[in-house]
Amino acid sequence: MSTSNSVLFLLRDNVFHSGEELSGLLGISRSAVWKAIKSLRVKGLDIHSIRGKGYRLPREVELLDEDIIRGAIPANLRDKFQIHTYFELSSTNTHLLQYIQNFSDGDKSQVCISEYQTHGRGRRGRVWYSPFAANLYLSMSWRHRQSPQGVSGFSLVTALALAKSLENLGVKDIELKWPNDVLWKRKKLAGILLELTGEAHGDQLLIVGIGVNVDMPEHSEANINQPFTDLRNATGTRVSRNKLSAEFLVQIAKYFHIYETNGMGSLLPEWFSRDSFLHKNVELIFPNQTIRGTVAGIDEQGSLLLDLIDGSRRAFQSGEISLRACS
Ligand code: BTN
């Protein structure tokens with residue numbers, strides 16, 4: 001464990017710890033403690049300091065714990081996943097994409113979860129702000145055995161599984177925005193990045209990355225350029241990232257199984273019940289044009305259906321939805 005992670009481990013209890021105590025416990029100098037505090041702050045941790053008392057986190061921090069996550073997954077599903085937790089990665093998606101071949105049990109779904117991402121990636125080349133020990137940054141691999149179901153549907157199905165897992169942990173009023181944003185009161189609560197790593201023995205290997213805002217540090221607005229919220233706001237409580245990871249893995253196994261066996265059809269009613277923009281007048285934004293219409297839902301391929309002003313209905317595989325002011 002690096003020095004700053006050892007300092008964080010001692011500070012996780014929301015009690016003041018003096019610089020002297022930390023340096024004594026870790027066998028390092030006071031200035032090394034100070035450097036560690038500085039580097040944790042740079043990574044997004046709100047560490048309070050009071051002269052004479054020392055350092056304290058504003059709230060207790062539950063660090064990621066592979067054993068707790070595994071223990072919270074029912075025995076019949078546990079062995080489907082191999083879970084790896086990290087203090088720091090560039091991006092959990094990138095890590096899986098690079099190292100998937102090296103993981104020992106290729107048949108299991110490999111799951112990487114990190115406390116911090118130095119280069120968290122969002123859709124469309126955006127940055128995904130990933131402050132330390134605040135949110136959930138999880139990626140998993142999924143071997144898509146040959147079936148008629150298209151790869152694009154997986155991202156919508158991931159959004160459904162994530163919405164269900166949040167609901168099972170007590171989060172109410174979760175809505176979805178096509179293709180795969182998870183919203184609470186029209187603000188972004190979670191995002192999904194799905195990537196394809198090619199084929200192995202005729203199967204397709206997917207990397208599914210989810211970023212869930214759990215407990216954003218104060219002043220995060222400076223780092224995010226869209227309306228966002230977090231689970232602390234949505235529930236008034238602190239949601240456990242370990243429990244959320246386990247619940248998500250349980251739901252994703254169920255939902256992917258339904259999708260691979262039956263296609264999107266049986267999941268459409270659930271999508272419609274959660275669709276934040278259904279029947280709303282929107283603009284669908286492309287790099288070179290904007291199309292206006294009314295959202296009529298999605299089809300069995302997961303494409304967005306828009307009723308256009310000329311009365312026609314068109315299906316779109318890409319584009320960014322934006323609500324029109326008058327709807
Ligand atoms: C979006 O733009 O809405 C998608 C955000 C996806 C973020 C997650 S965090 C875990 C995984 N690793 C990444 O670098 N990105 C995804």
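Atoms within a ligand are numbered from 1 in the order they appear, just like the ligands themselves. One-based numbering along the sequence shown.
At least one N or O atom of Ser91 sits closer than 3.5 Å to an N or O atom of ligand 1. Geometrically, ligand 1 and Gln117 share a nitrogen or oxygen pair separated by less than 3.5 Å.
Within the 4.0 Å heavy-atom shell around ligand 1 one finds Lys188.
Residue Leu138 touches ligand 1 through its backbone alone, judged by heavy-atom distances below 4.0 Å. With a 4.0 Å heavy-atom cut-off, ligand 1 is reached by no atom of Arg124. Under 4.0 Å from ligand 1, not a single heavy atom of Thr94 appears.
Between Asn93 and Ser139, the side chains place a donor N or O and an acceptor N or O closer than 3.5 Å (distance only, hydrogens not considered). Under 3.5 Å, the side chains of Glu175 and Ser276 contain a donor-acceptor pair of N or O atoms. A donor-acceptor contact closer than 3.5 angstrom links the side chains of Gln117 and Ser130. Looking only at atom types and distance, the side chain of Ser141 has no donor-acceptor partner in the side chain of Gln110 under 3.5 Å away.
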Item to complete: In sequence, state the C-alpha distance, the side-chain angles, and the governing distance for Asp215 and Arg59, and then conclude on salt bridge (Lys or Arg N to Asp or Glu O under 4.0 Å).
Response: CA-CA 10 Å; Asp215 190 359; Arg59 287 177 287 284; 2.8 Å; yes
Discussion item. If you apply the rule salt bridge (Lys or Arg N to Asp or Glu O under 4.0 Å), what do you find for Lys53 with Glu20, and how did you get there?
Written reply: CA-CA 10 Å; Lys53 280 184 141 182; Glu20 194 180 356; over 6 Å; no
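A distance of 12.5 Å separates NZ in Lys80 from CZ in Phe256, rounded to the nearest 0.5 Å.
Closest protein heavy atom to atom 10 (C) of ligand 1: Thr92 OG1, 3.1 Å. Ranking the protein heavy atoms by distance from atom 5 (C) of ligand 1 puts Trp128 CE3, 3.3 Å first.
When each atom of ligand 1 is checked for a heavy atom of Ile210 under 4.0 Å away, the hits are 8 (C), 9 (S), 10 (C). Applying the 4.0 Å criterion to heavy atoms of Gly211 picks out, from ligand 1, the atoms 7 (C), 8 (C), 9 (S). Remark: ligand 1 atoms within the under-4.0 Å shell around heavy atoms of Gly120 are 14 (O).
Considering only non-hydrogen atoms, atom 1 (C) of ligand 1 lies nearest to Arg123 out of Arg126, Arg123, Arg121.
For the pair Arg274 and Phe272, the cation-pi criterion (under 6.0 Å, within 45° of the ring axis) is not fulfilled.
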